[in-house]
Structure formats: structure tokens, C-alpha cells
Enquirer: 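Dropping a structure here in C-alpha cells format, bear with me for questions.
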Amino acid sequence: MPRIDKRKIEEAVRMILEAIGEDPEREGLRETPRRVADMLEELLSGYDAGEEYAWFTEQSDLVVVSGIRFYSLCEHHLLPFYGVAHVAYLPKGKVIGLSKIVRIVHKYARRLQIQERMTEQIADEVQKATGSEDVMVVTEAIHLCMAMRGVKTPAPTVVAALRGEFRRDPWLKKEVYDIISPYRLTRHPRLD
Ligand code: ZN
């Protein structure tokens, strides 16, 4: 990960505050540049976000981890996009733990991203970690840059990466969608 120059972020935030007509020295804003620098350092660390709830389903030759919560930052607007990721694979003699999958998701979420690339990167790394070509990743996210600006209703954007058998076999793909269905973002309360 690139080193983060927090002093430079602080200067930049102070300049943004001035540019929008604020007084960076007023009470509520005095600590804001430092807070933003600390926050960016944390959000872009690529580190595991720690405690996590996810659901593990293993049936004969299919492993599915559903509902892994993630928070990321859109690289076009520096605003959050967040939601859930679901990861499935056909093990080739090697099953990796739930926490390892969660860590892979967080590693690629905690940097400047676009959802499509993040989904592909997660699929790449799950392929590497499991030694299996057959991997499917579905991510569902609310993008604040769209929701807050009223460009679109805040319905989740859904992106899927299908590899190997998941691309070839529509029934297998459907099975994954059935398994993840209770954990999908679209079933969560709408934000609008
Ligand atoms: Zn954006």
C-alpha cells in the first residue's frame, strides 16, 4: 500500500474548507483536517476491519460465504460505497476458512475503488487462495455519490464475477443465488 502523507491531507482539507467559504479556525472545524487525515489512513489501509458476521454454507462440492459486509471509497468522488459481498467456489481438495475469505474482501475494499474492479480482484485472489478456477463473487453496494446527488434511487448496484464452472453452468450459478438470497442487500431495509 502507498504511504499516506497525513500532513498533506490536512493542508488540503484546510484548503477545501476555505474554498467552500468556511473558517477552518472555527471551533467545530479546527480538528477536522486531522480527523479526515486519520480517517483516510484507516479507510485506505487495506487492513481487515476486524469483527465480522458472515454465513458459511458447505455442501458436498460447493462452498458459499454470504453477506460479508464491506465499506469502500469510490475513486471518482471519494465518497463511500458499501454493502455486502458473497463468495462461492468449488474446492479442489482445499477449503479455506471463512475469516480468510472475509480478509480478502476487506483487503480490496479498503482502498480507492470502483465496484467492478473490486469484485474482479476478490475473485482473482480467491482463485489463488483456493487453487480453484471455479469462483463466483457477487457484490451489492449503495454508492453515496449516486444516492446523495439524486442521480439514481439508492437501489444497490449488483456486480458479479463468474469464473470457470460458474460461467458455464447456469444451474450452479442459480444455486448460489438461492443460497445467498436471505443475505442479500436488496432484502435489507431500503435507505430511501
Ligand atoms: Zn462515485
Side-chain angles (χ1 to χ4, degrees), residues 1-4 38-75 79-144 156-167 169 172-189 191:
M1 298 307 284
R3 286 223 2 117
I4 286 182
D38 287 346
M39 181 190 69
L40 284 175
E41 181 180 56
E42 191 185 334
L43 295 184
L44 302 177
S45 62
Y47 290 142
D48 196 357
E51 196 185 339
E52 182 58 51
Y53 302 95
W55 289 266
F56 192 78
T57 313
E58 191 183 346
Q59 47 185 49
S60 58
D61 55 351
L62 172 64
V63 175
V64 185
V65 181
S66 317
I68 304 163
R69 215 156 355 152
F70 69 84
Y71 295 89
S72 189
L73 277 186
C74 137
E75 70 181 19
L79 281 173
F81 68 95
Y82 61 93
V84 289
H86 316 281
V87 175
Y89 65 98
L90 302 180
K92 295 281 174 294
K94 185 168 148 199
V95 174
I96 59 173
L98 179 147
S99 63
K100 170 88 179 162
I101 299 264
V102 170
R103 235 176 292 135
I104 292 172
V105 170
H106 290 165
K107 175 178 169 188
Y108 290 104
R110 296 206 142 208
R111 54 179 73 181
L112 291 187
Q113 271 293 13
I114 58 173
Q115 190 182 345
E116 289 76 6
R117 185 177 62 220
M118 182 186 80
T119 308
E120 295 294 333
Q121 285 172 331
I122 294 168
D124 286 344
E125 185 133 348
V126 173
Q127 279 185 319
K128 255 183 252 158
T130 59
S132 173
E133 286 297 301
D134 308 313
V135 168
M136 173 169 166
V137 178
V138 179
T139 62
E140 307 175 271
I142 302 282
H143 291 252
L144 284 191
T157 303
V158 181
V159 175
L162 304 169
R163 307 279 172 83
E165 281 301 310
F166 293 98
R167 179 182 287 277
D169 182 350
L172 184 59
K173 184 172 80 175
K174 188 184 172 303
E175 199 175 347
V176 173
Y177 276 114
D178 287 346
I179 291 171
I180 69 175
S181 121
Y183 312 106
R184 293 198 63 174
L185 195 62
T186 40
R187 298 178 58 109
H188 290 222
L191 297 172

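Values reported hereafter were calculated over all heavy atoms of this structure, with side chains retained and with hydrogens, waters and symmetry mates removed. Note that the structure is a prediction, hence the values are computed from the model and not measured.
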Enquirer: Indicate yes or no for a side-chain donor-acceptor contact from K94 to the backbone of S132 under 3.5 Å, with no hydrogens or angles considered.
Expert: no
Enquirer: Starting from the C-alpha separation in whole Å, work towards a yes-or-no answer on salt bridge (Lys or Arg N to Asp or Glu O under 4.0 Å) for E125 and K100.
Expert: CA-CA 11 Å; E125 185 133 348; K100 170 88 179 162; 5.3 Å; no
Enquirer: Between L90 and L172, is there a side-chain heavy-atom distance shorter than 4.5 Å?
Expert: yes
Enquirer: For Q127 and E133, run side chain to side chain contact (heavy atoms under 4.5 Å, CB included): C-alpha distance rounded to whole Å, both residues' side-chain angles, the deciding distance at 0.1 Å, then the answer.
Expert: CA-CA 6 Å; Q127 279 185 319; E133 286 297 301; 3.9 Å; yes
Enquirer: Please name the residue in the list V105, V135, I101 that meets the side chain to side chain contact (heavy atoms under 4.5 Å, CB included) test with I122.
Expert: V105
Enquirer: Between A141 and F70, what is the shortest heavy-atom contact and its length?
Expert: CB-CZ, 4.0 Å
Enquirer: Over all heavy atoms of both residues, which pair between V138 and Y177 is shortest? Give the atoms and the distance, please.
Expert: CG2-OH, 3.8 Å
Enquirer: Please determine whether side chain to side chain contact (heavy atoms under 4.5 Å, CB included) holds for the pair Y89 and I96, giving the CA-CA distance in whole Å, both sets of side-chain angles, and the decisive distance to 0.1 Å.
Expert: CA-CA 10 Å; Y89 65 98; I96 59 173; 3.7 Å; yes
Enquirer: Less than 4.5 Å apart, side chain to side chain, heavy atoms only: is that true for V64 and M136?
Expert: no
Enquirer: What's the verdict on side chain to side chain contact (heavy atoms under 4.5 Å, CB included) for R110 and E42, showing C-alpha distance, side-chain angles and the deciding distance?
Expert: CA-CA 8 Å; R110 296 206 142 208; E42 191 185 334; 4.0 Å; yes
Enquirer: At what distance, to the nearest 0.5 angstrom, does NZ of K173 lie from CG of D178?
Expert: 12.0 Å
Enquirer: How many angstroms lie between atom CD of E116 and atom CE of M118, to the nearest 0.5 angstrom?
Expert: 9.5 Å
Enquirer: What's the spacing between E165 CD and L62 CG if we round to 0.5 Å?
Expert: 11.5 Å
Enquirer: Does the side chain of V158 reach to within under 4.5 Å of the side chain of E140, using non-hydrogen atoms?
Expert: yes
Enquirer: Look at the rings of H143 and F81 and say which category their plane angle falls in: under 30° parallel, 30 to 60° tilted, over 60° perpendicular.
Expert: parallel
Enquirer: In sequence, state the C-alpha distance, the side-chain angles, and the governing distance for Y183 and V84, and then conclude on side chain to side chain contact (heavy atoms under 4.5 Å, CB included).
Expert: CA-CA 8 Å; Y183 312 106; V84 289; over 6 Å; no
Enquirer: Nearest 0.5 Å, what's the CG-CG distance between L43 and D38?
Expert: 10.5 Å
Enquirer: Within the structure provided, determine whether T119 and Y108 are in side-chain contact (heavy-atom separation under 4.5 Å).
Expert: no
Enquirer: Check whether any side-chain heavy atom of Y82 lies under 4.5 Å from a side-chain heavy atom of R69, and answer yes or no.
Expert: no
Enquirer: Looking only at non-hydrogen atoms, find the nearest pair between P91 and V63 and report the distance.
Expert: CG-CG2, 3.7 Å
Enquirer: Could you report the tightest heavy-atom contact between P80 and L73, atom names first, then the distance?
Expert: N-CD2, 3.7 Å
Enquirer: Could you check whether any side-chain heavy atom of E41 comes within less than 4.5 Å of a side-chain heavy atom of S45, counting everything from C-beta outward?
Expert: no
Enquirer: Mind checking what makes salt bridge (charged side-chain N to carboxylate O under 4.0 Å, His left out) contact with E75, not counting sequence neighbours?
Expert: R117
Enquirer: I want to check something: taking the side chain as every heavy atom from C-beta on, are H86 and R184 in contact at a cut-off of under 4.5 Å?
Expert: yes
Enquirer: When you check the gap from the basic side-chain N to the acidic O, do D124 and K128 get nearer than 4.0 Å?
Expert: no
Enquirer: If I take atom OG from residue S72 and atom CG from residue L112, how far apart are they, to the nearest 0.5 angstrom?
Expert: 7.5 Å
Enquirer: Can you name the residues that form a salt bridge (charged side-chain N to carboxylate O under 4.0 Å, His left out) with D169, not counting sequence neighbours?
Expert: none
